[in-house]
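Okay, structure first, notes after.
Everything numeric in this text was worked out from a predicted model, so none of it was measured.
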Amino acid sequence: MGWDNAPSHICRGGDLRGLAFCCPPIKYCPIHQALQILKMSPEEFIKIKEEFGNRTKLGVGENTCFHSLVWCCKITKPCPYRDYELKRNNISPDEYMELKKKLAEEILRNSRFFKEAVEAFVKRGVSRELAEKALLETGDLKKAYELIKRSLGTQE
């Protein structure tokens, strides 16, 4: 599907990577809690998504709810507006999900949470590369820690 371990939407209990599928943070919903965890303001979040859309195919989508595919939901959730724009702009579902994965990584990488978590792992002797990979693959600090332990073969 273009993103093998894609998370659920934030509003459905997904991990922080699910922010790639969120609408703009207009009303109060679980997105605000996720942004607090990331130590990111709604304005920073909007800017990251809009800039990503400006550089990729996710910037198209004038007929979607928020006029850009950057704000659209996961491909497994039915949406005729998103699907119309994907077809109209010759974007396959796999390509769409690959772009959403890159968007999720961009959101995480630009958060203070990510930078602080990577530094904490590095201070414990984990390579920066492994720390970043684990956080980007899981979108969750505890799951990243478990993945790192498995990767290093430790029982700590």
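One N or O on the side chain of E85 and one on the backbone of N63 form a donor-acceptor pair closer than 3.5 Å. At distances below 3.5 Å, not a single donor-acceptor pair connects side-chain atoms of R17 with backbone N or O atoms of E105. Under the 3.5 Å distance criterion, the side-chain polar atoms of S111 are left unmatched by any main-chain donor or acceptor of K39. Within the 3.5 Å criterion, the main-chain N or O of P7 finds no donor-acceptor partner in the side chain of D15. Without hydrogens or angle criteria, K49 side chain to L19 main chain gives a donor-acceptor distance under 3.5 Å. R82 contributes a side-chain N or O that, together with a main-chain N or O of K74, makes up a donor-acceptor pair within less than 3.5 Å. Using modelled atom types, one side-chain atom of K100 and one backbone atom of C72 make a donor-acceptor pair closer than 3.5 Å.
With values rounded to the nearest 0.5 angstrom, I10 atom CD1 is found 12.0 Å from C23 atom SG. Put simply, CD on Q33 and CG on L35 are 10.0 Å apart, with the number rounded to the nearest 0.5 Å. Expressed to the nearest 0.5 Å, how far NE2 of H9 lies from SG of C29 amounts to 11.5 Å.
With contacts defined as side-chain heavy-atom distances shorter than 4.5 Å, the pair I91/V60 qualifies. Between K115 and R112 there is no side-chain heavy-atom pair separated by less than 4.5 Å. D83 is listed as a side-chain neighbour of I75, based on a closest heavy-atom distance under 4.5 Å.
Hydrophobic clustering places F21 together with I26 (ILVMFWY residues linked when any side-chain heavy atoms are closer than 4.5 Å, directly or through intermediates). Residues L69 and Y81 fall into different hydrophobic clusters, defined by Ile, Leu, Val, Met, Phe, Trp and Tyr side chains chained together at heavy-atom separations under 4.5 Å. Follow the hydrophobic side-chain contacts under 4.5 Å out from I46 and you reach M40 in the same cluster. Under the 4.5 Å side-chain heavy-atom criterion for Ile, Leu, Val, Met, Phe, Trp and Tyr, Y84 and M97 are members of distinct hydrophobic clusters. In terms of hydrophobic clustering, with Ile, Leu, Val, Met, Phe, Trp and Tyr side chains grouped at heavy-atom distances under 4.5 Å, L147 and L152 are assigned to different clusters.
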Practice task
Check the pair L86 / E95 against side chain to side chain contact (heavy atoms under 4.5 Å, CB included), numbers first and verdict last.
Solution key: CA-CA 10 Å; L86 290 176; E95 182 181 12; over 6 Å; no
Decide side chain to side chain contact (heavy atoms under 4.5 Å, CB included) for N110 and F52; before the verdict, give the C-alpha distance in whole Å, the side-chain angles of both, and the deciding distance to 0.1 Å.
-> CA-CA 12 Å; N110 281 286; F52 188 87; over 6 Å; no
Could you walk me through whether L16 and D140 satisfy the side chain to side chain contact (heavy atoms under 4.5 Å, CB included) test, starting with their C-alpha distance in whole Å, then the side-chain angles of each, then the deciding distance to 0.1 Å, before giving a yes or no?
CA-CA 7 Å; L16 296 170; D140 179 273; over 6 Å; no
I'd like to know whether R55 forms a side chain to side chain contact (heavy atoms under 4.5 Å, CB included) with E51, so could you lay out the CA-CA distance, the side-chain angles of the two residues, the decisive distance to 0.1 Å, and finally the verdict. CA-CA 7 Å; R55 320 190 289 279; E51 287 177 356; 4.1 Å; yes
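Looking at every heavy atom in both residues, F113 comes nearest to L141 through CZ-CB, 4.1 Å. The nearest pair of heavy atoms linking F114 to L135 is CE1-CB, 3.8 Å. Annotation for G2 and D94: closest pair N-OD1, 3.3 Å, computed over non-hydrogen atoms. Counting all heavy atoms, side chain and backbone alike, A134 lies closest to I148 at CB-CG1, 3.6 Å. In terms of heavy atoms, L108 sits closest to G139 at CD1-CA, 4.3 Å.
Shown here is R12, whose CZ atom has no more than 12 heavy atoms of other residues, nucleotides or ligands within 6.0 Å. Taking a 6.0 Å sphere around CG of N90, one finds it holds 12 or fewer heavy atoms contributed by other residues, nucleotides or ligands.
One finds a salt bridge joining R109 and E132 here, because a Lys/Arg side-chain nitrogen approaches an Asp/Glu carboxylate oxygen to under 4.0 Å. We find that E98 and K57 are not joined by a salt bridge, their nearest charged nitrogen and carboxylate oxygen being 4.0 Å or further apart. Between E129 and K133 no salt bridge is recorded (no basic side-chain N to carboxylate O distance below 4.0 Å).
Using cut-offs of 30° and 60° on the angle between ring planes, the pair Y145 and F121 is parallel. The aromatic rings of W71 and F45 stand perpendicular to each other, their planes meeting at an angle above 60°, with 30° marking the opposite boundary.
Inspection of the S41 and E44 side chains reveals an N or O donor paired with an N or O acceptor under 3.5 Å.
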